[in-house]
Amino acid sequence: MKLYNTLSGDVVSFDSTLEPISMYVCGVTPYSSSHVGHAMSYVYFDTLRRFLEFSGFTVQHVQNFTDIDDKLIAAANDEGTSVKEIAERRIAEYFDVMDRLNIARANYYPRATEEIPAIIEMISGLIEKEYAYDSGGDVYYRVRNFSNYGRLGKRTLEGMNAGARIDPGINKEHPMDFVLWKEAKPGEPSWESPWGNGRPGWHIECSAMSLKYLGSKIDIHGGGQDLIFPHHENEIAQSEAFSGESPFVRCWMHNGLLEIHESKMSKSLGNLVTVEEALKFSNPDTIRLFFLSSHYRSPLAYSNEGILAQDRALDRIKGALNLRNADDLNSVFDGSEYFLRFCQAMQEDLNTPKALGIMFDLVREINKSRDENHSINKGQEHLKKMTEIFGLTLEDESKNVSGLTEPLVELLLEIRKEMRVNKNFSMADHIRDSLTEIGFILEDNESGTDWRLKSS
RNA sequence: GGCGACGUAGCCAAGUGGUUAAGGCGGAGGUCUGCAAAACCUCUAUUCAGGAGUUCGAAUCUCCUCGUCGCCUCCA
């Protein structure tokens with residue numbers, strides 16, 4: 001398995017790894033609903049995990065919730081409620097939609113507010129080693145003391161100085177120094193610390209939690225490309241300065257960002273589609289397929305048209321999977337070579353678009369083999385394994401209709417069958433056309449008539 | 001302004017030095033069907049933003065131009 005490492009700009013091999021693979025994926029700040037950009041990122045890392053586990057690796061997967069920050073405090077003030085209440089509600093919502101997208105749960109979901117002692121311990125250690133300093137209740141990280149600062153984001157302190165603004169009221173030694181601990185303002189949630197009441201700054205929670213749950217050196221650390229700088233840059237600075245070990249992360253993985261209306265989808269820009277809305281428009285498998293049809297490191301533009309195209313593609317996969325073998329079989333179509341090629345594509349830095357192309361080659365071969373009366377069960381098994389690695393649920397939403405609908409449709413089909421036997425085709429076609437009009441697709445074949453709901 | 005990524009058919013998207021440039025959606029024609037649908041078959045990029053160069057050979061490497069996006073402030 002080879003994965004692209006943002007830090008080195010080349011590829012890391014996991015083939016000889018025998019120990020469990022530690023994977024830390026940056027989670028959300030739960031101040032508002034998750035959008036499809038989040039979903040895309042977590043679908044990619046979920047697919048990576050599925051493939052690693054399929055390949056025989058054990059994966060320790062940790063994902064955080066940063067459940068204390070300025071925006072949560074602002075949201076709580078707006079709603080007249082507490083930070084905790086909002087965080088709890090949004091985290092529950094997060095799990096609901098991500099579960100529906102068939103994203104496997106991580107082994108641990110640590111929360112910043114529950115890891116304050118670990119955070120304080122880390123900040124204290126950084127102060128002791130002179131990588132941080134207390135400045136009137138706030139604690140800052142001293143970037144000049146960390147020689148590799150800027151390596152991940154491919155920038156230098158000098159280069160950044162130009163555009164940086166120094167907050168006049170704040171006693172930073174260097175404009176790029178960032179806050180580890182923020183002094184509490186009146187009315188804000190706060191915790192006791194050696195530097196007075198306050199709360200952790202953004203960045204430190206991830207360093208503290210990855211150290212606590214996965215150790216000082218981890219295999220994979222992931223997130224969106226917008227986290228490269230400053231978030232992950234700062235994590236490296238904190239973690240390596242604290243532990244004295246390097247590299248903190250063997251492979252930094254960053255997914256391209258989801259775009260909408262020619263710019264990235266983002267909570268702060270307000271140009272977003274929530275996961276909830278996307279699930280209302282389409283279904284989990286289609287949404288996963290939409291993401292996986294583009295390589296994880298490329299940007300992807302979200303559109304309803306794009307989703308609908310994948311919806312029809314999904315029907316092809318399901319169709320091949322649901323085919324029944326013919327009765328008299330003359331030979332066996334195996335399809336194992338397609339599965340091998342699929343895995344090879346996945347091993348090339350998780351090349352899901354290439355793997356998907358191979359999946360469709362297999363779909364065609366299964367259909368063709370069925371037409372030619374070859375046994376297709378083996379081929380279908382290989383296709384099924386591919387869909388499992390892609391995390392498709394293959395749930396048949398077609399039959400997910402209210403109580404009376406199914407027997408009524410079955411009754412109509414029975415009547416229509418009689419008509420067809422009696423060559424009353426105009427009436428039979430009328431039933432079919434009318435059902436199609438209200439969303440039921442009918443397919444006549446040798447064994448009778450199949451029906452399903454039009455998706456989306 | 002600094003740094004980074006990218007620009008492949010009507011749309012989406014692989015391919016990153018060498019046989020006919022994957023695959024999906026859409027479109028055209030055909031086979032099958034009572035007719036459809038589904039499936040299958042054929043066709044749908046002499047060409048990879050534009051230009052110059054390196055090479056026996058480039059979509060793939062180098063330089064320049066144009067365009068798009070991201071980061072430099074909160075962000076998956």
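Proteins come first, then strands; the chains are lettered A, B, ... in the order of their sequence lines, and each starts at number 1.
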Subject >> Atom pair distance, as rounded to whole Å: CD in A:Gln225 and P in B:rG70 >> reply: 11 Å

Subject >> RNA chain B base-pair string [pairs: Watson-Crick or G-U under 3.5 Å; |: paired with another strand] >> reply: ((((((((.[[[..)..(....]]]((((((.......))))))....[[[[[..)....]]]]])))))))....

Subject >> Distance, rounded to the nearest Å, where A:Leu413 contributes CG and B:rA37 contributes P >> reply: 18 Å

**OP:** State whether the distance check finds a donor on one side and an acceptor on the other, under 3.5 Å, for side chain A:Arg312 versus base B:rG24.
**Re:** no

Subject >> B:rU47 to B:rA52 separation - P atoms, rounded to the nearest Å >> reply: 15 Å

**OP:** Apply the test salt bridge (charged side-chain N to carboxylate O under 4.0 Å, His left out) to residues A:Arg341 and A:Glu337: give CA-CA distance (whole Å), side-chain angles for both, the deciding distance (0.1 Å), then the verdict.
**Re:** CA-CA 6 Å; A:Arg341 285 170 54 215; A:Glu337 71 274 19; over 6 Å; no

Subject >> Student check: side-chain heavy atoms of A:Glu233 and A:Ile228 closer than 4.5 Å >> reply: no

Original post:
Roughly how far apart, to the nearest Å, are B:rC63 and B:rU54 at atom P?
Top reply: 15 Å

**OP:** Look at all strands and tell whether A:Leu300 reaches a base, only sugar-phosphate, or nothing, counting heavy atoms closer than 4.0 Å.
**Re:** sugar-phosphate

Original post:
To the nearest angstrom, how far is A:Asp444 atom CG from B:rA39 atom P?
Top reply: 15 Å

Original post:
Could you state the CG-C1' distance from A:Asn234 to B:rU73, rounded to the nearest angstrom?
Top reply: 13 Å

Original post:
Looking only at atom C1', what distance separates B:rG15 and B:rC72, rounded to whole Å?
Top reply: 33 Å

Original post:
Checking all strands, does A:Gly37 fall into the base, sugar-phosphate, or nothing category for heavy-atom contacts under 4.0 angstrom?
Top reply: base

**OP:** For A:Asn255 and for A:Phe229, find the nucleotide of RNA chain B with the closest heavy atom, then tell me which residue's nucleotide is more 5'.
**Re:** A:Phe229

**OP:** Using the C1' atoms only, state how far B:rA59 lies from B:rA21, rounded to an integer number of Å.
**Re:** 8 Å

**OP:** Could you check how far CZ of A:Phe440 sits from P of B:rA37, rounded to whole Å?
**Re:** 20 Å

**OP:** Check whether any side-chain N or O of A:Ser298 sits under 4.0 Å from OP1 or OP2 of B:rA14, and answer yes or no.
**Re:** yes

Subject >> RNA chain B: 5'-proximal contact among A:Arg416 and A:Ala355 (nearest heavy atom) >> reply: A:Ala355

**OP:** Name the nucleic acid region contacted by A:Phe45, choosing base, sugar-phosphate or nothing; use a 4.0 angstrom heavy-atom cut-off, strictly under.
**Re:** nothing

Original post:
Does A:His382 reach the main-chain N or O of A:Gly379 with its side chain, forming a donor-acceptor pair under 3.5 Å?
Top reply: no

Original post:
Base, sugar-phosphate alone, or nothing: which one does A:Leu257 contact when heavy atoms must sit under 4.0 Å apart?
Top reply: base

Original post:
Which residues, if any, of residues 357-368 of chain A bring a heavy atom under 4.0 Å of RNA chain B?
Top reply: A:Gly357, A:Phe360, A:Asp361, A:Arg364, A:Asn367, A:Lys368

Original post:
Hey, is the side chain of A:Asn445 poking within less than 4.0 Å of OP1 or OP2 on B:rA39, counting only N and O atoms?
Top reply: no

**OP:** Round to a whole Å and report the spacing from CG of A:Asp177 to C1' of B:rC72.
**Re:** 16 Å

**OP:** Would you classify A:Ser293 as touching base, sugar-phosphate or nothing, given that sugar-phosphate means primed atoms plus P, OP1 and OP2, and contacts are heavy atoms under 4.0 Å?
**Re:** sugar-phosphate

Original post:
Starting at CZ of A:Phe425 and ending at P of B:rC35, how long is that distance when rounded to a whole Å?
Top reply: 9 Å

Original post:
B:rU33 P sits how many Å from A:Asp429 CG, rounded?
Top reply: 16 Å

Original post:
In terms of side-chain heavy atoms, does A:His61 have a donor or acceptor partner in A:Arg49 at a distance below 3.5 Å?
Top reply: yes

Original post:
Using a cut-off of 4.0 Å on non-hydrogen atoms, how would the nucleic acid contact of A:His231 be classed: base, sugar-phosphate, or nothing?
Top reply: nothing

**OP:** Report the residue from A:Tyr108, A:Tyr213, A:Tyr109, A:Tyr24 that forms a side-chain hydrogen bond (donor to acceptor under 3.5 Å, both in side chains) with A:Asn64.
**Re:** A:Tyr24

Original post:
Counting only side-chain N and O atoms of A:Lys154, is one of them less than 4.0 Å from OP1 or OP2 of B:rG2?
Top reply: no

Original post:
For A:Gly222, which contact category applies under a 4.0 Å heavy-atom criterion: base, sugar-phosphate, or nothing?
Top reply: nothing

**OP:** Would you mind classifying the nucleic acid contact of A:Arg316 as base, sugar-phosphate or nothing, using non-hydrogen atoms under 4.0 angstrom?
**Re:** sugar-phosphate

